[in-house]
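Before any comments, here is the structure.
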Amino acid sequence: MDSASVTARLDAASASDSRQLDRVCEEVAAALVRDAVEPPFDVDSADFATDPYLICADRYWRLRFLALPGIRTAAECAVWLGAHVTAAHRTEVREKWSLGYAFITKDTVESPRELAEAAEPIVARDSPSGDIAYFATLYHAGKLRSNFAAGELHQFLDSSLLALAAGRHRQDPLFTALRAFAAFADAAITTEYATTLLDEAWNTPRRTRHVVDICLNGIQMAAPFEGQGTLLRDRAEEAVRAFPRDHMFHFRLACGEHETGHHDAALTRIDQALRLLPAIGTRGSHELLQGQYLRKRDDILAARSRALLDAEHARRLAEREAEHQRRWERLEADLREREERQSRSHQALQETARANAVRAVELVAVFTAAIAFAVGSLQITLNGTLSLHDRLWLIAELCAGLALFSLLVIGGTWLITRPRP
């Protein structure tokens, strides 16, 4: 297929609907692969939805990677990209292609020996910019990331010949984000170090959509740590504000809301992710993503149901506890009232007993005085030679003394037994 016919078909397809455009671009790309010809046109946008030239180039390199997945193909793709994609859009296309093609070929990870053999000619041919080595590095790192091979990814980024040849690109936010992902997923690396790398990639003004995605993915895939759910939710909220139409970021936010127990908010976000999920795509399977999102939705619904049941159980438990508390308070009040009645009854009995004892003492004193008076007066009356007048005075004195004795006994008894405050 010559360059003119390629351009004509793509120009004609630009006015078609999305499905027709996709079909034409796929056919042209397949023809170029059959003819062993690289796309003979330039790309001056990063619009993967409507630009026929970018869509066709994307389909072409996808077919090339599926046919021969490896960093040699990645190097050839990087060379074409550097020559045919305008500088203004090169970073976005590079990141989308390298990571996207890595995902669809993640089952073909090259061994360290194969990697070293393929890297030598790439490093030798690469310009001082390190663009080719950087693209190949992203491609291989993307495979390791897709397979969650955190230890291998960390070692590859830090010490491989290919990654070292990336030169100045090692300071790019995407490279740092991949290092953060590896640090989060590697149990041998501390969460503090991973968070430092995350912040470095996240806070740069050169942060791209793919940087955000890898950072969020790293947080989500990390071994559990304190504040993980909150960190994921907060960063995902920021991502959704920056990219409101990105289904993946709504999904990440749903995961963060789920982990922090905000199930209603999580359900809203996962439904939004499902609505935004495109029905077509070449790097990620719609069915795979939809299945993943639906499973997460089921998890959220299950957690929401458990939370509602727990809340209902807690409410009923609280009601039972409150009823038990009310019964206990009533029982305590009844016991206090009974104790008070018993105390008052006991006091009354004590008062009665004390009064009876006093009366008994008083009665004994009176009877004692009366008996003493009778005995004494009888002795005075029957014995002696005193006159009647003297006898009466003696009897009066005896009566007065005994009366005084009785009063003293009664008064002393009262003084001793009187109630005291």
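Only a predicted model underlies this, so the values are computations on that prediction, with no experimental measurement involved.
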**OP:** Decide yes or no for Leu144 and Phe181: does some side-chain heavy atom of the first lie under 4.5 Å from some side-chain heavy atom of the second?
**Re:** no

**OP:** Take atom CD of Glu329 as the centre, draw a 6.0 Å sphere, and report whether it contains more than 12 heavy atoms from other residues, nucleotides or ligands.
**Re:** yes

Original post:
Any side-chain heavy-atom pair from His263 and Glu257 closer than 4.5 angstrom?
Top reply: no

Original post:
Using 30° and 60° as the class limits, which term best fits the ring planes of Tyr293 and His247: parallel, tilted or perpendicular?
Top reply: tilted

Original post:
Does atom CD of Gln171 have more than 12 heavy-atom neighbours from other groups under 6.0 Å away?
Top reply: no

Subject >> Residues that Glu323 engages under side-chain hydrogen bond (donor to acceptor under 3.5 Å, both in side chains), provided they are two or more places apart >> reply: Arg326, Arg327

Subject >> Stepwise side chain to side chain contact (heavy atoms under 4.5 Å, CB included) check, Ile55 with Leu10 >> reply: CA-CA 10 Å; Ile55 296 172; Leu10 294 178; over 6 Å; no

**OP:** Check the pair Arg341, Glu337 against salt bridge (Lys or Arg N to Asp or Glu O under 4.0 Å), reporting the backbone distance first and the verdict last.
**Re:** CA-CA 6 Å; Arg341 287 199 304 267; Glu337 184 178 355; 3.2 Å; yes

Original post:
Can Glu76 and Trp80 be counted as having a side-chain donor-acceptor contact under 3.5 angstrom?
Top reply: no

Subject >> Shortest non-hydrogen separation from Leu32 to Pro39 and the atoms involved >> reply: CD1-CA, 3.9 Å

**OP:** Starting at CZ of Arg209, measure out to NZ of Lys96 and round the result to the nearest 0.5 Å.
**Re:** 6.5 Å

**OP:** Decide yes or no for Asp47 and His89: does some side-chain heavy atom of the first lie under 4.5 Å from some side-chain heavy atom of the second?
**Re:** no

Return all side-chain donor-acceptor pairs below 3.5 angstrom for residues 234-241, not counting sequence neighbours, or 'none' if the list is empty.
from   : atom 1 : to     : atom 2 : distance (Å)
Arg235 : NH2    : Asp199 : OD1    : 2.8
Glu238 : OE1    : Trp202 : NE1    : 3.2
Glu238 : OE2    : Trp202 : NE1    : 3.2
Glu238 : OE2    : Arg207 : NH1    : 3.4

Subject >> Polar contact flag, side-chain donor to acceptor under 3.5 angstrom, His169-Asp172 >> reply: yes

Original post:
Among all residues two or more places apart in sequence or in another chain, which pass the side chain to side chain contact (heavy atoms under 4.5 Å, CB included) test with Asp264?
Top reply: Arg304

**OP:** Kindly indicate whether the side chain of Leu274, heavy atoms from C-beta on, has any atom under 4.5 Å from the side chain of Phe251.
**Re:** no

Subject >> Lys/Arg-Asp/Glu bridge criterion (N-O < 4.0 Å) met for Arg145, Asp186 >> reply: no

Original post:
Are there more than 12 heavy atoms of other residues, nucleotides or ligands under 6.0 Å from atom CD of Gln155?
Top reply: no

**OP:** Over all heavy atoms of both residues, which pair between Ala74 and Ala136 is shortest? Give the atoms and the distance, please.
**Re:** CB-CA, 4.0 Å

Original post:
Do any N or O atoms from the side chain of Ser160 and from the backbone of Ala163 form a donor-acceptor pair under 3.5 angstrom?
Top reply: yes

Original post:
Can the ring centres of Phe156 and His140 be said to be less than 6.0 Å apart?
Top reply: yes

Subject >> Spacing of Leu81 atom CG and Asp131 atom CG [to the nearest 0.5 Å] >> reply: 9.0 Å

**OP:** Grab the two heavy atoms, one from Ile270 and one from Ala254, that are nearest each other, plus how far apart they are.
**Re:** N-CB, 3.7 Å

Original post:
More than 12 heavy atoms of other residues, nucleotides or ligands under 6.0 Å from CZ of Arg245: is that the case?
Top reply: no

Original post:
Is the backbone of Thr230 close enough, under 3.5 Å, to the side chain of Thr260 for a donor and an acceptor to pair up by distance?
Top reply: no

Subject >> Distance, nearest 0.5 Å, that separates CZ of Arg62 from OG1 of Thr105 >> reply: 11.0 Å

**OP:** Please determine, by modelled atom types, if Asp51 and Ser45 share a side-chain donor-acceptor pair under 3.5 angstrom.
**Re:** yes

Original post:
Are Thr50 and Ser14 close enough, and set up right, to give a side chain to side chain contact (heavy atoms under 4.5 Å, CB included), and what steps lead you there?
Top reply: CA-CA 7 Å; Thr50 62; Ser14 62; over 6 Å; no

Original post:
Partners of Gln20 by side-chain hydrogen bond (donor to acceptor under 3.5 Å, both in side chains), sequence neighbours excluded?
Top reply: Arg23

Original post:
Can you find a pair of side-chain heavy atoms, one from Cys255 and one from Leu232, that are under 4.5 Å apart?
Top reply: yes

**OP:** Determine the minimum heavy-atom distance between Leu54 and Trp97, stating which atoms define it.
**Re:** CD1-CZ2, 4.1 Å

**OP:** Go through the structure and list residues passing side-chain hydrogen bond (donor to acceptor under 3.5 Å, both in side chains) with Arg297, not counting sequence neighbours.
**Re:** Asp271

Subject >> Thr191 backbone acceptor or donor facing Thr195 side chain under 3.5 Å >> reply: yes

Subject >> Check: Tyr139/Arg94 side-chain N/O donor and acceptor closer than 3.5 Å >> reply: no

Original post:
Is it true that the side chains of Asp58 and Tyr101 contain a donor and an acceptor less than 3.5 Å apart?
Top reply: yes

Original post:
Is the shortest distance from a Lys or Arg side-chain nitrogen in Arg179 or Glu200 to a carboxylate oxygen in the other one below 4.0 Å?
Top reply: no

Original post:
Do we see a donor-acceptor contact under 3.5 Å between the side chains of Glu95 and Thr208?
Top reply: yes

Subject >> For the student: nearest non-hydrogen atoms of Ile214 and Ala177, plus distance >> reply: CG2-O, 3.4 Å

**OP:** May I ask you to say whether Glu117 pairs ionically with Arg113, meaning some side-chain N is under 4.0 Å from a carboxylate O?
**Re:** yes

**OP:** Go through the steps for Asp334 and Arg338 under the test side chain to side chain contact (heavy atoms under 4.5 Å, CB included), then give the verdict.
**Re:** CA-CA 6 Å; Asp334 291 343; Arg338 184 177 300 176; 5.5 Å; no

Original post:
Can you check whether Cys56 reaches Phe41 side chain to side chain, under 4.5 Å on heavy atoms?
Top reply: yes

**OP:** Decide side chain to side chain contact (heavy atoms under 4.5 Å, CB included) for Phe65 and Cys77; before the verdict, give the C-alpha distance in whole Å, the side-chain angles of both, and the deciding distance to 0.1 Å.
**Re:** CA-CA 9 Å; Phe65 274 98; Cys77 180; 3.9 Å; yes

Original post:
Do the side-chain N and O atoms of Arg275 and Gln272 include a donor-acceptor pair separated by under 3.5 angstrom?
Top reply: yes

Original post:
Quick one: CG on Leu267 to CD1 on Ile300, what's the gap to the nearest 0.5 Å?
Top reply: 6.5 Å

**OP:** May I ask you to decide whether Lys143 forms a salt bridge with Asp107, counting only side-chain N to carboxylate O separations under 4.0 Å?
**Re:** no

Original post:
To the nearest 0.5 Å, how far apart are NE2 in His210 and CG in Asn217?
Top reply: 12.0 Å

Original post:
Between the side chains of Asp246 and His250, does any donor sit under 3.5 Å from an acceptor?
Top reply: no

**OP:** Measure across Gly229 and Glu259 and return the closest heavy-atom pair with its distance rounded to 0.1 Å.
**Re:** CA-OE1, 3.5 Å

Subject >> Side chain proximity check, Leu289 to Met248, heavy atoms < 4.5 angstrom >> reply: yes

Original post:
Judged by atom type as modelled, is there a donor-acceptor pair below 3.5 Å linking the side chain of Ser98 to the main-chain atoms of Phe135?
Top reply: no

**OP:** Look up atom CD in Glu110 and atom CG in Leu162, then write down how far apart they are to the nearest 0.5 Å.
**Re:** 9.5 Å

**OP:** Could you tell me whether the side chains of His84 and Asp42 share a donor-acceptor contact shorter than 3.5 Å?
**Re:** yes

Subject >> Qualifying residues under salt bridge (Lys or Arg N to Asp or Glu O under 4.0 Å), relative to Glu152, sequence neighbours excluded >> reply: none

Subject >> Side-chain touch Thr86/Val43, heavy atoms, less than 4.5 angstrom >> reply: no

